[in-house]
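Each chain gets a letter, A, B and so on, in the order its sequence line appears, and its residues count up from 1.
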Amino acid sequence: GQNIDQPTEMTATEGAIVQINCTYQTSGFNGLFWYQQHAGEAPTFLSYNVLDGLEEKGRFSSFLSRSKGYSYLLLKELQMKDSASYLCAVQGGANNLFFGTGTRLTVIP
Amino acid sequence: EPEVTQTPSHQVTQMGQEVILRCVPISNHLYFYWYRQILGQKVEFLVSFYNNEISEKSEIFDDQFSVERPDGSNFTLKIRSTKLEDSAMYFCASSGSQPPQETQYFGPGTRLLVL
């Protein structure tokens, strides 16, 4: 079975840093993705980790520890437009993605 | 920038009717997917498709569902006899080569409402 856990909601202040955690237990693992999803829209790709460590991409960074089944997405210098749901997704043994329920982030002034 | 497109954006249908959801993947991509998201719930994998056949399907993808690549550009999802619980947003995605090396890019979705 596949189990991917992330917090349901988070709130952070504009200009701050926020860390969204994701833990997973899956029968196969070929990488972990983070997607951003605004309400009523498609998920858009943010980051991909397959090896342990930190991947940095501008204001967004993602970390993976395969031994711990753990990842986080770090968002720096938060902007109001960062208010969205952030989806953790594990690439299973084949081609498909298994998604968590998503973390709804609200950025307040 | 190339993108996945989907039509229609919204579809309302009566229970028991057939619907066909259409997708045009990114032109040089080889792997195609359908996902669905029931309102307020997580994105769920339905099916993956490569080389004109299904690579993998989830338990949601039962005999009521089918996929087809009728020509070189379109990728369709058919639901033969819709049920109320099929109401959801359906996303098509594509990737350029064998995952996980390639990211899956999602289309804007078709919102299906079954009455």
Side-chain angles (χ1 to χ4, degrees), chain A residues 1-9 20 22-52 55 57 60 62 64 66 71 73 84-104, chain B residues 1-6 9-10 23 25-26 29-51 53-61 67 88-113:
Chain A
Q2 324 292 341
N3 193 34
I4 300 169
D5 287 317
Q6 45 183 138
T8 306
E9 293 191 16
I20 302 174
C22 172
T23 57
Y24 64 88
Q25 293 171 310
T26 56
S27 56
F29 181 85
N30 280 321
L32 188 141
F33 291 80
W34 285 95
Y35 282 83
Q36 181 191 61
Q37 186 179 32
H38 285 97
E41 297 183 12
T44 55
F45 169 73
L46 289 178
S47 69
Y48 167 64
N49 295 69
V50 66
L51 299 176
D52 289 355
E55 294 283 340
K57 206 187 227 187
F60 296 80
S62 56
L64 175 67
R66 288 171 298 171
S71 173
L73 179 70
S85 287
Y86 291 85
L87 314 182
C88 174
V90 173
Q91 186 107 52
N95 304 343
N96 47 301
L97 293 175
F98 295 102
F99 282 85
T101 53
T103 299
R104 188 184 313 167
Chain B
E1 186 174 327
E3 58 184 20
V4 178
T5 59
Q6 291 184 241
S9 58
H10 294 78
C23 168
I26 294 173
H29 282 187
L30 301 174
Y31 293 81
F32 315 117
Y33 314 85
W34 283 101
Y35 292 83
R36 80 171 185 190
Q37 187 175 31
I38 295 170
L39 189 63
Q41 297 187 24
K42 65 182 177 181
V43 176
E44 300 174 288
F45 169 75
L46 294 177
V47 66
S48 59
F49 191 87
Y50 169 71
N51 200 27
E53 60 182 29
I54 291 174
S55 306
E56 187 171 355
K57 59 183 180 180
S58 71
E59 56 192 28
I60 301 169
F61 194 88
V67 289
M89 181 77 99
Y90 288 81
F91 293 109
C92 173
S94 70
S95 63
S97 64
Q98 176 67 44
Q101 291 87 348
E102 285 289 327
T103 299
Q104 294 182 30
Y105 292 92
F106 284 72
T110 294
R111 187 174 295 282
L112 176 66
L113 178 60

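Side-chain atoms of B:L39 and B:M89, non-hydrogen and from C-beta on, never get closer than 4.5 Å to each other.
Between B:F91 and B:Y35, the ring center distance fails the sub-6.0 Å criterion. For A:F98 and A:Y24, the distance between ring centers is not under 6.0 angstrom.
Residue A:L87 touches chain B through its side chain alone, counting heavy-atom pairs closer than 4.5 Å. With a 4.5 angstrom heavy-atom cutoff, B:E44 does not touch chain A via any of its atoms.
With hydrogens and angles left out, the side-chain atoms of A:N96 and B:S48 include no donor and acceptor closer than 3.5 Å.
When B:V43, B:V47, B:V4 are compared by the number of non-hydrogen pairs under 4.5 Å with chain A, B:V43 comes out ahead. If you tally non-hydrogen atom pairs under 4.5 Å between each of A:G102, A:P43, A:G100 and chain B, the highest count goes to A:P43.
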